[in-house]
Amino acid sequence: MKSFNEKVYEKLKKVPKGKVITYKELAKSVKSDAYRAVGNAMKNNEDPVKIPCYKVVCSDGFVGNYSGGGMKKKIKLLRKDGIEVNNNKIDLKKYLFKAQDIM
DNA sequence: GGAATGACATTTA
DNA sequence: CTAAATGCCATTC
């Protein structure tokens with residue numbers, strides 16, 4: 001039985017390079033609205049190597065938090081993926097990956 | 001079973 | 001618009 005976070009990881013791994021997804025959309029992708037639980041899954045970070053958790057951002061485009069060095073590290077990783085980050089925020093208009101796009 | 005926690009989201013003042 | 005308060009779901013103790 002896959003745990004909720006396992007499913008979240010699966011979806012997160014399907015996010016293409018150069019794109020980001022919000023906690024809410026990610027939760028929707030697993031047929032739930034538990035964006036809180038999603039954040040918990042990232043925090044627990046069972047597979048930090050296989051899970052690009054840095055692609056997960058807040059609904060308003062704010063980068064939010066990150067375990068692995070802080071937001072600064074997260075932003076750096078995002079930029080490395082070709083994503084523009086302005087004032088710790090991302091252009092969801094350009095880089096937001098929707099849950100339905102995963103399906 | 002119940003209380004507490006969290007890398008958020010939405011609403012209200 | 002900014003700030004604060006409330007709600008949210010799943011997990012863990």
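Below, chain A is the first sequence line, B the second, and so on; all start at residue 1.
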Looking only at the side chain of [X] (C-beta and beyond, no hydrogens), which of the listed nucleotides [options] gets closest?
X: A/S59; options: B/dA7, C/dA10, B/dT10; answer: B/dT10
X: A/S3; options: C/dA10, C/dT11, B/dA7; answer: C/dT11
X: A/M42; options: C/dA10, C/dG7, B/dA7; answer: B/dA7
X: A/K43; options: C/dA10, B/dA9, B/dA7; answer: B/dA7

For a quick check of understanding: with a heavy-atom distance under 4.0 Å over all strands, which category does A/N44 fall into, base, sugar-phosphate or nothing?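 No contact.
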Is A/A34 touching bases, backbone alone, or none of the nucleic acid, heavy atoms closer than 4.0 Å? sugar-phosphate
Counting just side-chain N and O atoms, does [X] come under 4.0 Å of either OP1 or OP2 of [N]?
X: A/S67; N: B/dA7; value: no
X: A/T22; N: B/dA9; value: no
X: A/K24; N: B/dT10; value: yes

Shortest non-hydrogen separation from A/S59 to A/L92 and the atoms involved: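 Residues A/S59 and A/L92, closest heavy atoms: O-CD1, 3.1 Å.
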Interatomic distance where [atom1] belongs to [X] and [atom2] belongs to [N] [whole Å]:
X: A/N65; N: B/dT5; atom1: CG; atom2: C1'; answer: 15 Å
X: A/L26; N: C/dA10; atom1: CG; atom2: C1'; answer: 14 Å
X: A/K11; N: C/dA10; atom1: NZ; atom2: C1'; answer: 18 Å
X: A/F4; N: C/dT11; atom1: CZ; atom2: C1'; answer: 10 Å
X: A/Y66; N: B/dG6; atom1: OH; atom2: P; answer: 20 Å
X: A/Y35; N: B/dT10; atom1: OH; atom2: C1'; answer: 7 Å
X: A/K31; N: C/dC8; atom1: NZ; atom2: P; answer: 22 Å
X: A/K28; N: C/dC9; atom1: NZ; atom2: P; answer: 13 Å

Could you pick out which residue, A/V38 or A/D60, lies toward the 5' side of DNA chain B when each is mapped onto its nearest nucleotide?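 Going by which nucleotide is closer to the 5' end, it is A/V38.
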Donor-acceptor check, side chain of A/E25 to backbone of A/K98, threshold 3.5 angstrom: yes or no?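 Such a contact is absent between A/E25 side chain and A/K98 backbone.
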A/E10 with A/K13: basic N within carboxylate O range, under 4.0 Å: yes
Can you find an N or O donor on one side and an acceptor on the other, under 3.5 Å apart, linking the side chain of A/Y23 with the base of B/dA9?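 No, the side chain and the base share no sub-3.5 Å donor-acceptor pair.
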Checking side-chain polar atoms at under 3.5 Å, does A/Y95 have a donor or acceptor matched by the opposite partner on A/D81?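 No pair is found: no donor N or O on one side chain lies under 3.5 Å from an acceptor on the other.
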Verify side-chain contact (heavy atoms from CB on, under 4.5 Å) between A/K19 and A/I83, making sure each step is shown before the conclusion. CA-CA 7 Å; A/K19 291 273 184 179; A/I83 300 168; 5.7 Å; no
